[in-house]
**Student:** 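Quick one: structure below, then a few questions.
For clarity, every value in this text was computed on a predicted model and none was experimentally measured. Residues: numbered from 1 along the sequence shown.
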Amino acid sequence: MAWSRYQLFLAGLMLLTGSLNTLSAKWADNFNAEGCRGTPEHSFQHPFLQAVGMFLGEFSCLAAFYLLVCRDRQRAEPSMAPPRPFNPLLFLPPALCDMTGTSIMYVALNMTSASSFQMLRGAVIIFTGLLSVAFLGRKLVPSQWLGILVTIAGLVVVGLADMVSTSRDEKHNLSEVITGDLLIIMAQVIVAIQMVLEEKFVYKHDVHPLRAVGTEGFFGFFILSLLLIPMYYIPAGSFGGNPRGVLEDPLDAFCQIGRRPLIALALAGNISSIAFFNFAGISVTKEISATTRMVLDSLRTVVIWAVSLAVGWETFHGLEILGFLILLVGAALYNGLHRPLLARLPWGRSPAERQNLLGGERQPINGDS
């Protein structure tokens, strides 16, 4: 079936904004500028402040939801059901997981390449599958177990590619890259917990996806903004990446932004792209399919990798391509993309396998951030 212009627009918007989200965050990390009180020029390493910006982008989805409701009510025949009452505190536990996982990933992005960052996020399949069996009582079919094993193999290959390419990287040493990769994988455990919490407590309330993203963004934005205050005083040594050696120094970040306005442009790109990416992802699932959304999400890894090579942020290594292809196969097996191919074969016409973790067309509320 041919796609309409609107569907093509949504697919393009999702691919573009999803790629911009990671690239703009990495672009901000690559800037160097003087800080406050005449401190020497240093790199812009403010992962927790960047995470606050990301939650601001998610929070804006709440405004988009109410604009859609108002527009729908002005029609002669409204198509949207009236918003159902729900307890917003249901979103607090997933928001805390999102806040923790996102902050860890932004810390890791300072230590590794943008393409590896995006590829290693595929580890969420492993932990989501295992947690769904343990806490949701799911039974994974053989193809999903195979997908998990293939994904593990892909992660090993990507990790090896990072270790080999580190010798050519002047910005990061081997220990930094290994730490960054491990932090990304650790963050996926927290993201998987977030997805299981959403599946168990949130989806049954049938909350509009934009409203759900916005509510989690609200909690994440205000809680993490308040946490910036104690972070300003918590010693972190070289791990902090700022002259004062604290966990986060937002004042230093604002001074650097004042001296290098392009940092503000990168941060604005990160904030706006996550808002449009969530909207486009939800719309693609609704207007086309969840399978298309997964394919587009895989394609943005290719875009991020290609742009990173073009601008000189990383060097080419064949193992990365191999690792990406293996991860792609693992994701396809886990999400059942092999079924249409098998169905065309005479021996492949068997009863449909069980639904995947998030129930066919369901997606994590803000798993794309």
Side-chain angles (χ1 to χ4, degrees), residues 16-61 63 98-114 117 170-172 176 180 183 217-218 220-278 304 307-308 311-314 369:
L16 175 64
T17 54
S19 303
L20 282 175
N21 184 245
T22 300
L23 290 171
S24 58
K26 190 62 180 179
W27 186 33
D29 294 342
N30 284 329
F31 279 108
N32 290 285
E34 295 179 4
C36 298
R37 297 175 295 277
T39 52
E41 191 173 277
H42 54 280
S43 60
F44 186 84
Q45 292 189 29
H46 298 281
F48 297 100
L49 186 69
Q50 285 179 286
V52 169
M54 192 214 72
F55 283 115
L56 179 60
E58 288 186 3
F59 186 18
S60 67
C61 290
D98 191 20
M99 182 182 72
T100 306
T102 300
S103 298
I104 292 173
M105 283 191 282
Y106 275 127
V107 171
L109 187 57
N110 285 311
M111 301 179 178
T112 191
S113 65
F117 169 83
E170 299 177 357
K171 295 181 180 179
H172 306 295
E176 277 186 336
L183 284 174
F218 167 82
F221 175 73
F222 283 103
I223 293 173
L224 194 53
S225 295
L226 291 174
L227 288 177
L228 290 180
I229 299 173
M231 287 179 184
Y232 184 78
Y233 300 100
I234 298 174
S238 59
F239 182 78
N242 53 73
R244 293 181 60 244
V246 293
L247 197 57
E248 182 60 280
D249 190 344
L251 296 181
D252 179 68
F254 291 127
C255 288
Q256 288 187 291
I257 292 170
R259 288 174 170 81
R260 292 294 299 271
L262 280 177
I263 299 176
L265 179 62
L267 295 178
N270 185 250
I271 294 170
S272 57
S273 63
I274 194 63
F276 282 104
F277 182 56
N278 275 292
I304 291 167
V307 173
S308 297
V311 299
W313 289 350
E314 54 187 280
S369 59

**Student:** Search all heavy atoms of N110 against all heavy atoms of P47 and return the closest pair with its distance.
**Tutor:** ND2-CD, 3.9 Å
**Student:** Quick one: does Q45's side chain have a donor or acceptor within less than 3.5 Å of a partner on E248's backbone?
**Tutor:**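 Flag not set: sc Q45 to bb E248 has no pair under 3.5 Å.
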**Student:** Rounded to the nearest 0.5 Å, how far does CG of L183 lie from OG of S103?
**Tutor:**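 Here the rounded value is 11.5 Å.
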**Student:** For residues F55 and F59, establish whether the separation of their ring centroids is below 6.0 Å.
**Tutor:** no
**Student:** Hey, mind stepping through L247 and Y232 against side-chain contact (heavy atoms from CB on, under 4.5 Å) and telling me if it holds?
**Tutor:** CA-CA 6 Å; L247 197 57; Y232 184 78; over 6 Å; no
**Student:** Quick one, T39 with E34, criterion side-chain contact (heavy atoms from CB on, under 4.5 Å). Give me CA distance, side-chain angles, the key distance, then yes/no.
**Tutor:** CA-CA 6 Å; T39 52; E34 295 179 4; 5.5 Å; no
**Student:** Hey, is the main chain of L109 close enough, under 3.5 Å, to the side chain of K26 for a donor-acceptor pair?
**Tutor:** yes
**Student:** Taking the side chain as everything from C-beta on, heavy atoms only, tell me whether M54 gets closer than 4.5 Å to E58.
**Tutor:**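 Yes, side chains in contact.
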**Student:** As a quick check of understanding, evaluate side-chain contact (heavy atoms from CB on, under 4.5 Å) for L267 and I257, giving each step before the final call.
**Tutor:** CA-CA 10 Å; L267 295 178; I257 292 170; 3.6 Å; yes
**Student:** Just wondering, do V246 and P235 contact through their side chains at under 4.5 Å, heavy atoms?
**Tutor:**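 In short, these two side chains do not touch, never coming nearer than 4.5 Å.
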**Student:** Are any non-hydrogen side-chain atoms of V307 and S19 less than 4.5 angstrom apart?
**Tutor:** no
**Student:** Do we see a donor-acceptor contact under 3.5 Å between the side chains of Y106 and N270?
**Tutor:**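 There is such a pair between these side chains.
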**Student:** Quick one, L23 and S308 - any side-chain contact, counting heavy atoms below 4.5 Å?
**Tutor:**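 Side-chain contact under 4.5 Å: yes.
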**Student:** Does any N or O in the side chain of R244 come within less than 3.5 Å of the main-chain N or O of D249, such that one atom is a donor and the other an acceptor?
**Tutor:** no
**Student:** Going through the checks in order, is the side-chain contact (heavy atoms from CB on, under 4.5 Å) test met by R259 and E41?
**Tutor:** CA-CA 10 Å; R259 288 174 170 81; E41 191 173 277; over 6 Å; no
**Student:** Quick one: are the ring centres of H46 and F44 less than 6.0 Å apart?
**Tutor:** yes
**Student:** Are L265 and W27 side-chain neighbours, meaning at least one heavy-atom pair lies under 4.5 Å?
**Tutor:** yes
**Student:** How far apart are the closest heavy atoms of A266 and S24, and which atoms are they?
**Tutor:** O-CB, 3.4 Å
**Student:** Donor-acceptor pair, N21 side chain versus T17 backbone, under 3.5 Å?
**Tutor:**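 No.
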